Colleague: 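Before I ask anything, here is the structure I am working with.
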Amino acid sequence: MTAPTKPPHRTPAHPDAEVSPADLHAPVIDWFEENARDLPWRRPEAGAWGVMVSEFMLQQTPVSRVLPVYEQWLARWPRPADLAADAPGEAVRAWGRLGYPRRALRLHGAAVAITERHGGDVPSDHAQLLALPGIGEYTAAAVASFAYGRRHAVLDTNVRRVFARAVTGVRYPPNATTAAERKLARALLPEDEPTAARWAAASMELGALVCTAKNETCVRCPIAAQCAWRLAGKPEHEGPPRRGQTYAGTDRQVRGKLLAVLREAHAPVPQDALDRVWHEPVQRARALDGLVADGLVEPLPDGLYRLPLT
DNA sequence: AAAACGTGGGA
DNA sequence: TTCCCAAGTTT
């Protein structure tokens, strides 16, 4: 009486056919159900604003350092309008030592834009998200996918590494995201919207917990049997070494020291207090000028400085 | 399109 | 101690 049932979609059409992209979805998503970390921005009560705040903070910054700042941030500014109503300098101060403090300024700017243009609600549309300060291709896709369950290729450093290994068969992805990677990510994206969203979170988590940059643990990997890189004998990375960023002695380090002083101070700081953070006057002045130009520091008459009030 | 942009923890 | 790396964006 029943019509012949379709074979499960995971069954290869031909016995020796290559592993199809869809063969990765179920194992990775199942693994995610069992192993996903209980992170605050993944809880339902986080909402889209919580997801968005976490994504800003997680740009180039480890989860462990984000956790405490995230909690304080959401407690103080539970909605975009709350942050928008406060001074940008307060955002920079609350950012603490997360690094790249321009992110704090941009998050504040995004909150203002959301309040003005979107009635205080984080938009779910990728293009509208992309138009907000501090949101690029990755963050727009991440917020749309994680907060709203939309179908987007979410291509961060973790996912890029998982794809590089599992599909392309190399240890590391290229230095910068390529068109080929975007194409692959789109091809691998499940058709079904909720499944696509699960896949995005799951493939990212796999890269973060198992398929890590160093000391990957293939024994815990749900797709080890299909991993092109492992199957090829885990060949070493070819090509130019990925350039490391120097830090000591750079303007960045000086900016960091200057801003640390301003963060701790709750009244305008005189020039000579800032002068003490760095011996070399030319570089010191350049760093301070840069901070002012970036809007991270506000100069006042009489050689006083503070975090920006507007 | 290369380079700037912070910070701290682990190997 | 030094090096590498961590859910990128902007110019």
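Sequence lines set the chain letters: A, B, ... in the order given, protein chains first and strands last, and positions in each chain run from 1. None of these values were measured; they are calculated from a predicted model.
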Colleague: Assuming nearest nucleotide by heavy-atom distance, tell me which of A:T212 and A:Q59 is located more 5' along DNA chain C.
Modeller: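 Looking at DNA chain C, the more 5' nearest nucleotide goes with A:T212.
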
Colleague: Taking only the side-chain nitrogens and oxygens of A:Y172, find out if one of them lies under 4.0 Å from OP1 or OP2 of C:dC5.
Modeller: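 It does, given that an N or O in the side chain of A:Y172 lies less than 4.0 Å from OP1 or OP2 of C:dC5.
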
Colleague: Please determine if A:R182 and A:E137 form a salt bridge, counting it only when a charged side-chain N lies under 4.0 Å from a carboxylate O.
Modeller: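 Judged by the 4.0 Å cut-off on N to carboxylate O distance, A:R182 and A:E137 do form a salt bridge.
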
Colleague: Expressed in angstrom and rounded to an integer, what is the separation of A:W95 atom CH2 from B:dC5 atom P?
Modeller: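 Rounded to whole Å, this separation is 17 Å.
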
Colleague: Between C:dA7, C:dA6, C:dG8, which one does the side chain of A:P62 approach most closely?
Modeller: C:dA6

Colleague: Taking only the P atom of each, what is the distance from B:dA4 to C:dA7 in whole angstrom?
Modeller: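 The answer is 23 Å between these two P atoms.
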
Colleague: Would you measure the distance from the C1' atom in B:dG6 across to the matching atom in C:dC5 and give it in whole Å?
Modeller: 13 Å

Colleague: Select one nucleotide: of C:dG8, B:dT7, B:dA4, the one nearest the side-chain heavy atoms of A:R263.
Modeller: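 Of the options given, the side chain of A:R263 lies nearest B:dT7.
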
Colleague: Give a yes or no on whether a donor-acceptor pair under 3.5 Å exists between the nucleobase atoms of B:dG8, that is its base, and the side chain of A:T61.
Modeller: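 Absent.
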
Colleague: Start at the 5' end of DNA chain C and walk down; is the nucleotide closest to A:F146 or to A:L130 reached first?
Modeller: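 Its nearest nucleotide lies further toward 5', so the answer is A:F146.
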
Colleague: Report the distance from atom CZ of A:R97 to atom C1' of C:dA6, rounded to the nearest whole Å.
Modeller: 17 Å

Colleague: Can you check the distance between B:dG8 and C:dT1, where both ends of the measurement are the P atom (answer in whole Å)?
Modeller: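 Rounded to whole Å, the distance is 16 Å.
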
Colleague: What is the separation between atom CG on A:L288 and atom P on B:dC5, rounded to the nearest whole Å?
Modeller: 14 Å

Colleague: Are A:D86 and A:R76 close enough for a salt bridge, meaning some N to O gap below 4.0 Å?
Modeller: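 Yes.
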
Colleague: Any carboxylate oxygen within less than 4.0 angstrom of a Lys/Arg side-chain nitrogen, looking at A:D82 and A:R79?
Modeller: yes

Colleague: When the distance from CG of A:L155 to P of C:dG8 is rounded to whole Å, what number comes out?
Modeller: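 Distance, rounded to whole Å: 11 Å.
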
Colleague: Both A:Y100 and A:N215 contact DNA chain B. Which one's nearest nucleotide lies toward the 5' end?
Modeller: A:Y100

Colleague: Which nucleotide wins on minimum distance to the side chain of A:D251, given the candidates B:dC5, C:dC5, B:dT7?
Modeller: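 That would be B:dC5.
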
Colleague: Heavy-atom nearest nucleotide on DNA chain B for A:Q60 versus A:S64: which residue maps closer to 5'?
Modeller: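 That would be A:Q60.
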
Colleague: Round to a whole Å and report the spacing from CD of A:E137 to P of C:dA7.
Modeller: 17 Å

Colleague: So does A:R230 pair up with A:E216, basic N to acidic O under 4.0 Å?
Modeller: no

Colleague: Ignoring hydrogens and geometry beyond distance, is the side chain of A:R106 in donor-acceptor contact with the base of C:dT9 at under 3.5 Å?
Modeller: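 Side chain to base: no pair present.
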
Colleague: What's the CG-P distance between A:L291 and B:dC5, to the nearest Å?
Modeller: 9 Å

Colleague: For C:dA6, does OP1 or OP2 lie under 4.0 Å from any side-chain N or O of A:R161?
Modeller: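 Indeed, a polar side-chain atom of A:R161 lies that close.
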
Colleague: Identify whether any heavy atom of A:G136 sits under 4.0 Å from a base atom; if not, whether one sits that close to sugar-phosphate; answer base, sugar-phosphate or nothing.
Modeller: sugar-phosphate

Colleague: Using a strict 4.0 Å threshold on nitrogen-to-oxygen distance, state whether A:D38 and A:R43 make a salt bridge.
Modeller: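 A salt bridge links A:D38 with A:R43.
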
Colleague: When you measure from the side chain of A:L58, which nucleotide among C:dA7, B:dT7, B:dA4 comes out closest?
Modeller: C:dA7

Colleague: Of the nucleotides C:dC5, B:dG6, C:dA7, which one has an atom closest to the side chain of A:R255?
Modeller: B:dG6

Colleague: Output the rounded distance in Å from CE (A:M52) to C1' (C:dG8).
Modeller: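 About 14 Å, once rounded to whole Å.
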
Colleague: Applying side-chain contact (heavy atoms from CB on, under 4.5 Å) between A:W49 and each of A:D121, A:V143, A:L83, report the one that passes.
Modeller: A:L83

Colleague: Measure the distance from CG on A:L98 to P on C:dG8 and round it to the nearest whole Å.
Modeller: 14 Å

Colleague: Give A:V159 one of three labels, base, sugar-phosphate or nothing, depending on what nucleic acid heavy atoms sit under 4.0 Å from its own.
Modeller: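 Nothing, no nucleic acid heavy atom in range.
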
